[in-house]
There are 2 protein chains.
Amino acid sequence: MTNKQKVSYAPSIRRLPSYLNIIRHAQSNGDQFISGTVIANELNLEPIQVRKDLAITGIIGKPKKGYPVNDLVLAIERYLGWNVEHKAVVVGAGNLGSALSGYQEFKNHGLNIIAAFDTDPSKVGSTVHGVPIYPLEKLEEIIPELQAEIAILTVPSPFASSTCDSIVKAGIKSIWNFTNIKLKVPANIIVWREDLSSGYAMLAVMMKIALKNETAEL
Amino acid sequence: MTNKQKVSYAPSIRRLPSYLNIIRHAQSNGDQFISGTVIANELNLEPIQVRKDLAITGIIGKPKKGYPVNDLVLAIERYLGWNVEHKAVVVGAGNLGSALSGYQEFKNHGLNIIAAFDTDPSKVGSTVHGVPIYPLEKLEEIIPELQAEIAILTVPSPFASSTCDSIVKAGIKSIWNFTNIKLKVPANIIVWREDLSSGYAMLAVMMKIALKNETAEL
DNA sequence: TAGATTGTTAATCGATTAACAATC
DNA sequence: TAGATTGTTAATCGATTAACAATC
């Protein structure tokens, strides 16, 4: 009934991709080991936090040397489920949807975008970044054929709820929601909402505080 | 020296934009009051959390009725600094940069994107969603002329550091960083990093857990 | 060896949730 | 009035940070 999927270690999980970036860098440098201290410095974090976060992946470090780079990359990818490929579709091939279709980074994370859907007849039949665009009305027909597991929802917010219902009917198990609408879905459907506005809220508040401090100094 | 701008109530701040959406909806419905309970139900949150969050804006509710809608909208906007307009530029008019340039939602938040910069000569001189594109090399010259305060950084990550340096030289005070690079900036520069990968990390982990529970039921 | 770095256990900090009197 | 909803104060929960022995 409740679809509050509380995930343990959520803050740690959200930091792991940043660690992975740095560790992959070290890997391409040919480094065998990388220490938590080095990762922490790179990201302005505390070394103890990095060690605690890495501990959840099950990897064991060597005192004095750090963590074995190759093992660490694999352990993080395994922990994040990024070693498994997931087929995804973009629903709403507007500005944001098109951008995400072409986001190369996702390929490294096992996220494979294989189709997009849009209502615009002039887009249907063409491709964005190599991804074919299908008519939105045929979504419930095509998604099962493609065996897509993930829907990336980037329709304008007035259409979010109804489109979401179609997606669920089509058998999608997991929705990455870029609209500012809270979706109502059955309990077994996974939803992660990406909220760009909340990022701007943080930025704007920090600017307000900075301005206050500035004028206070006069 | 340290640019760890710790903001109090960060989790509350990040939830406020969602509340604002719902409250504006109520406002356009002509509602005079909205209760924390209603907001909470809409977002699958606890009413006490909504009340606590709204308390930081300084607004006072009426027992039995809830919060006055018009006052609440203004109070949240004021608290978030969204009542102040900020001029912004997009640096890197690729897929994501173009998408953000056309993101209408931002206008409602006082974020006014007035220019974009790119290295691609075929883009320079044209516009994206009405936003003029300038050559990236002229960034340090043009930004001061435009009196932009915010840079939205959407260049490919190999160029993030050097571009960031130019941005800082140009006098930008605040950077919304969409690259996966941790930027090195002077202490007085505000940075908020938006990390799309961390969202996918959460989604992928939730999918892994769901799969585990499923197979456990057999 | 000496010392940087680890993993573990405990302490602190902050955020969420609970309890409840006040009130329109 | 009765009861839904508020704001406040306290309790709980979870995340971060500190301390430190173990070790390569």
Side-chain angles (χ1 to χ4, degrees), chain A residues 2 4-19 22-23 26 31-72 75-76 79 198 201-202 205-206 209, chain B residues 2 4-16 18-19 22-23 26 31-72 75-76 79 198 201-202 205 209:
Chain A
T2 158
K4 267 209 175 172
Q5 314 110 327
K6 279 245 173 168
V7 175
S8 324
Y9 309 118
S12 300
I13 292 168
R14 304 191 63 175
R15 283 188 293 267
L16 285 174
S18 294
Y19 299 172
I22 292 169
I23 300 159
D31 299 352
Q32 295 296 309
F33 289 88
I34 187 168
S35 81
T37 317
V38 167
I39 297 172
N41 285 340
E42 202 73 30
L43 294 168
N44 283 4
L45 299 176
E46 296 299 322
I48 174 63
Q49 185 167 60
V50 175
R51 277 181 277 150
K52 264 280 157 73
D53 288 343
L54 293 181
I56 67 174
T57 67
I59 205 76
I60 305 285
K62 271 198 174 49
K64 172 99 172 145
K65 305 188 83 172
Y67 301 85
V69 167
N70 293 328
D71 294 356
L72 191 50
I76 294 175
Y79 186 82
S198 83
M202 286 300 296
V205 168
M206 289 190 288
I209 293 170
Chain B
T2 157
K4 266 210 177 175
Q5 315 110 328
K6 279 244 173 169
V7 174
S8 326
Y9 309 119
S12 300
I13 292 168
R14 304 191 63 177
R15 282 188 294 267
L16 284 175
S18 293
Y19 299 172
I22 292 169
I23 300 158
D31 299 351
Q32 295 297 308
F33 289 88
I34 187 168
S35 80
T37 316
V38 167
I39 298 173
N41 285 339
E42 202 73 30
L43 295 168
N44 282 6
L45 300 175
E46 295 298 323
I48 174 62
Q49 184 167 60
V50 174
R51 277 181 276 150
K52 264 282 156 70
D53 287 343
L54 293 180
I56 67 175
T57 68
I59 207 73
I60 305 284
K62 271 196 175 48
K64 172 101 171 142
K65 306 188 82 172
Y67 301 86
V69 166
N70 293 327
D71 295 357
L72 191 49
I76 293 176
Y79 186 83
S198 83
M202 287 299 296
V205 168
I209 293 171

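Worth knowing before you read on, the calculation uses all heavy atoms, side chains too, and leaves out hydrogens, waters and symmetry mates. Order of the sequence lines sets the chain letters (A, B, ...), proteins ahead of strands, with each chain counted from 1.
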4.5 Å side-chain heavy-atom contact, A:F33 and A:V38: no
Using a 4.0 Å cut-off on heavy atoms, which residues in residues 31-39 of chain B reach DNA chain C? List them by number, or say none. none
Do A:I39 and A:L54 have side chains that approach each other closer than 4.5 Å (heavy atoms only, starting at C-beta)? yes
Heavy-atom side-chain proximity of B:I56 to B:L16 below 4.5 angstrom: yes
Name all residues meeting the side-chain hydrogen bond (donor to acceptor under 3.5 Å, both in side chains) criterion together with B:R15; count only those two or more places apart in sequence or in a different chain, and write none if there are none. B:D53
Enumerate all atom pairs, one protein N or O and one N or O from nucleotides 12-16 of chain D, separated by less than 3.5 Å.
unit_1, atom_1, unit_2, atom_2, d
D:dT16, OP1, A:R15, NH1, 2.9
D:dT16, OP1, A:R15, NH2, 3.4
D:dT16, OP2, A:R15, NH2, 3.1
D:dT16, O5', A:Q49, NE2, 3.3

Please give me the minimum heavy-atom distance between A:A10 and B:M202, naming the atom from each residue. CB-CE, 3.9 Å
Only Watson-Crick and G-U wobble pairs with both distances less than 3.5 Å should count. Give DNA chain D in dot-bracket notation, marking inter-strand partners with |. ..||||||||||||||||||||||
Would you say the side chain of A:I22 lies within less than 4.5 Å of the side chain of A:I34, judging by non-hydrogen atoms? yes
Between A:L72 and A:T57, the two heavy atoms sitting closest are CD1-OG1, 4.5 Å
Rounded to the nearest 0.5 Å, what separates atom OG1 in B:T37 from atom CD1 in B:I48? 10.5 Å
Please tabulate, one pair per line, all N/O donor-acceptor pairs under 3.5 Å involving side-chain atoms of residues 60-70 of chain B, not counting sequence neighbours.
unit_1, atom_1, unit_2, atom_2, d
B:N70, OD1, B:Q27, NE2, 2.7

I need the CD1-C1' distance between A:I48 and C:dT9, as an integer number of Å. 10 Å
Taking all atoms of both residues into account, what is the closest heavy-atom pair of A:S8 and A:I13, and its distance? O-CD1, 3.6 Å
Working to the nearest 0.5 Å, report the span between CG of A:N41 and CD of A:E46. 9.5 Å
Closest heavy-atom pair, A:P17 versus B:A201, reported as atoms and distance to 0.1 Å, is CG-CB, 3.8 Å
Other residues, nucleotides, ligands: >12 heavy atoms within 6.0 Å of A:Y9 OH: no
What integer distance in Å separates B:L45:CG from D:dT5:C1'? 17 Å
Pull out every residue in residues 54-71 of chain A that has a heavy atom closer than 4.0 Å to any atom of DNA chain C, ordered by number, or say none. A:I59, A:I60, A:G61, A:K62, A:P63, A:K64, A:G66, A:Y67
